[in-house]
Q: 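Structure in structure tokens, see below.
First the proteins, then the strands, lettered A, B, ... as listed; each starts at 1.
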Amino acid sequence: MYAHLFSFFYLAQEAVAEETAQAFSLVALSNQLINGIGVVGILLLTGLGLAITFGVMRIINLAHGEFIMLGAYATFWMQSTFGMDLLLTIPFSFLITAAIGALVELTIIRRLYGRPLETLLATWGLSIVLQGIIKLIFTAQLKYVKSPPYISGNLTLLKDAQGSPAIAISYYRLFIVTIAIALLVLTGYLLNKTDLGRQVRAVTQNRDMAKCLGVNTSLIDMLTFAYGCGLAGIAGTVISSLKSVSPPMGQDYLVDAWMTVVTGGVDKLVGVLAGAFLIGESSSGIAYLLNDPTARVIVLAAVIILIRYKPEGLFTIQKRG
Amino acid sequence: MAQSTIGIATRSRTPTKLGIVTAISFLVMAILPFVVGSFQISLLSKLLLFGALAISLDLVWGFTGILSFAHGVFFTLGGYAMAYYLKLNLSAENNTYGGSLPDFMVWNGLTELPWFIAPLKYFPIAAIAMVLVPAAFAYLIGWFIFRSKVSGVYITIITLAISSALTTFFISQQAYTGGTNGITDVSKLSIFGINIPPNGLYWIILLFTTFVLVGSWWLTQSNFGLILRSIKENEKRISYLGYDVASFKIFIWTLSAGIAGIAGGLFVPLNRFISPVYLAVAFGTQVVIWVAIGGRGTLIGPLVAAILLGQIQNSAERVTQDWQLVVGVLLLIVVLFIPDGLVGTVQKLFVRKQKPVSTKQPAISSN
């Protein structure tokens, strides 16, 4: 059940498999690093929702992976019953997961504000429950989602002497990165430039004062959490066609998403981008020099050391306690 | 907290009662092999070990406030130490390739035993490693994270990362650890040439778990336990009082890992294999769930929860495939509505019932 442990490496693995016989070469390394961008995209997508629920609301959401899974299943369901294109399902899977997120906030999270360890436990229970429910509805069998046919093939950046592509990146990976960055920008805009975002920030900074000034804090809480879950849903949709869709798939992304968010720091959204870039590229690079499991161990150890010395993340402004 | 914060009031009353209850249940458990079948005995042995593991987590979580998803890791490290001992002591005819080298090492092209595994052939060394390896690993982690400004939730995230990283590591080192399959087909446990039958193993495990329970109870009732609980309540104040909070945390964390390691070591002769499944976050979560449902800070609660849930799971799995869903719902209910857990709530009811009796009508309680 928990055999999928190499979440952020399976992309890198494909690339490595082709070049295992080759000795160290600059072309292969740069190929690996460019493919690492795909990993960065996935980390950014999966981490973004957490940056909202954890970064803005300080909720330890261990069910984040399950919201990704819900988004993937929403896409699978729409594709198999209505024959919808993957791109078309994105807004719907956002809405579905956001609605479930709102419901969860109303029934569970709301009771536990200010008790981080309890929240952590409850969301872990929630993740088990969501997996169980999805297993009841869709069975434990692996499901497959078709990727859109017009986003296929590779973009060749460099050709070797024989004219075959030496450095290439698949369009789908570029698509993932594009979506991730677009969502990052959109979220930043919503949070910093709109009225709603101002209210969200006000509630985070001083809940009581915001309440006094007439902000409906409980509504803001619900909306913010729902938005974070919706982002996870989009991540699920986009990722669904890369691998199979199964109830425990969310577990694969949970630890990695957390590492991304913790590395970058959550004060600014750019931190997530930085975290995703650092983790994605360093693991791709180390995976090329050594191997995938070693890279994962090294990166996780590095993140642990980082948390030890800078628990607030690399890219935060030092505040006075 | 059901127990009063200052130990003196409870110390005079509870030990006799608790002692009697523990002694009776210990006796009942000890007689069980003559009453129930061998399947039930092996299941009970397993659940008792899980209970001991849960108690060890309760020491750090329920008393000191450190929530760890990595207790499965300490359990498994102890388990591997014992598994190497049992594997290396397979008689030559039972070994797939005749020689003394374990089968998975032969498959992965090792020609001789690695130096760091070879000493585990001898029981005393294996027994020491079973405690020392997890404890040393825990000490290292503890020393690294508790002497910093890292707070509760981040520690939990670190334990998640440790569990995830070690799982990957053990799976990748196939030649040394047996990869995903772990170490299988181990020999039966024999200590200095004496074979231990299943019932004997059960009694050893029962003794061990009882010892862990009583020892933990004694430790938490002492002044030391008082400090631990105060750390959970208000870490800053305790450090202002001049206590070195980090040292206390590191000590209990290491001790708890040692207990978990022994539980893991005893688990292997019972289970006949150990694999990275027990390293993974899922198993670590299972331990957390036992403690949460049983009641944090009650010691007996986690043990009861582990045995009860295991028994229910055993009978429920014949009926339904979705046991995990039931566990998830249970965990949610406990966190939201019964924060003291099952035993904690029972204790509270007990205390509440007794108080009015003692103040208003003291005559009734005489019987």
Q: Is A/Ile60 close to chain B through its backbone or its side chain, or both, or neither, when contacts mean heavy atoms under 4.5 Å?
A: side chain
Q: Against chain A, work out which of B/Leu330, B/Thr285, B/Ile162, B/Leu160 has the most heavy-atom pairs shorter than 4.5 Å and name it.
A: B/Thr285
Q: For B/Phe69, which atoms come within 4.5 Å of any heavy atom of chain A: side chain, backbone, both, or neither?
A: side chain
Q: Just jot down the side-chain contact (heavy atoms from CB on, under 4.5 Å) partners of A/Ile286, sequence neighbours excluded, or say none.
A: A/Leu290, A/Ala295, A/Ile298, A/Val299
Q: Identify which part of A/Leu130 has an atom lying under 4.5 Å from any heavy atom of chain B, answering side chain, backbone, both or neither.
A: neither
Q: For B/Leu336, which atoms come within 4.5 Å of any heavy atom of chain A: side chain, backbone, both, or neither?
A: side chain
Q: Between the side chains of B/His71 and B/Ser256, is a donor N or O closer than 3.5 angstrom to an acceptor N or O?
A: yes
Q: Taking atom types as modelled, find out whether B/Arg147 and B/Ser247 have a side-chain donor-acceptor pair closer than 3.5 angstrom.
A: yes
Q: Keeping the roles fixed (side chain from B/Thr76, backbone from B/Ser275), state whether a donor-acceptor pair exists under 3.5 Å.
A: no
Q: Measuring centre to centre across the rings, with the benzene-like ring taken for any Trp, is B/Phe170 within less than 6.0 Å of B/Tyr80?
A: yes
Q: Identify which part of A/Leu121 has an atom lying under 4.5 Å from any heavy atom of chain B, answering side chain, backbone, both or neither.
A: both
Q: Any chance the side chains of B/Ser164 and A/Arg296 put a donor and an acceptor closer than 3.5 Å?
A: yes
Q: Could you check whether any side-chain heavy atom of A/Asp221 comes within less than 4.5 Å of a side-chain heavy atom of A/Tyr113, counting everything from C-beta outward?
A: yes
Q: Identify which part of A/Val303 has an atom lying under 4.5 Å from any heavy atom of chain B, answering side chain, backbone, both or neither.
A: neither
Q: Given that the side chain runs from C-beta out, which part of B/Val288 has a heavy atom under 4.5 Å from chain A: side chain, backbone, both or neither?
A: side chain
Q: Test side-chain contact (heavy atoms from CB on, under 4.5 Å) on A/Ile109 and A/Thr123 and set out the steps.
A: CA-CA 8 Å; A/Ile109 309 284; A/Thr123 50; 3.8 Å; yes
Q: Under a 4.5 Å heavy-atom cut-off, does chain B meet the side chain of A/Leu120, its backbone, both or neither?
A: side chain
Q: Please check this pair: side chain of B/Asp58 against backbone of B/Arg296, looking for a donor-acceptor N/O pair closer than 3.5 Å.
A: no
Q: Taking every non-hydrogen pair under 4.5 Å, which of B/Gly65, B/Pro276, B/Gly328 racks up the most with chain A?
A: B/Gly328
Q: Does anything in residues 137-146 of chain B get under 4.5 Å of chain A by heavy atoms, and if so which residues?
A: B/Phe144, B/Ile145
Q: Under 4.5 Å from any heavy atom of chain B, what part of A/Leu254 do you find: side chain, backbone, both or neither?
A: neither
Q: Where the side chain of A/Thr53 meets the backbone of A/Gly49, is there a donor-acceptor pair that is under 3.5 Å apart?
A: yes
Q: Counting distance only, does the side-chain N/O of B/Ser163 pair as donor-acceptor with the main-chain N or O of B/Val281 below 3.5 Å?
A: yes
Q: Are any side-chain N or O atoms of B/Lys232 and backbone N or O atoms of B/Gly62, one a donor and one an acceptor, separated by less than 3.5 Å?
A: yes
Q: Which bit of B/Phe283 comes within less than 4.5 Å of chain A, counting heavy atoms only: side chain, backbone, both or neither?
A: neither
Q: Given heavy-atom pairs under 4.5 angstrom as the criterion, report whether the side chain, backbone, both or neither of B/Ala292 touches chain A.
A: side chain
Q: With side-chain contact (heavy atoms from CB on, under 4.5 Å) as the test, would you mind laying out the steps for A/Asp256 and A/Ile279 before giving the verdict?
A: CA-CA 9 Å; A/Asp256 300 342; A/Ile279 293 190; over 6 Å; no
Q: So what's closer than 4.5 Å to chain B heavy atoms on A/Arg111: side chain, backbone, both or neither?
A: side chain
Q: Please classify the contact between B/Ile155 and chain A as side chain, backbone, both or neither, with a heavy-atom cut-off of under 4.5 Å.
A: neither
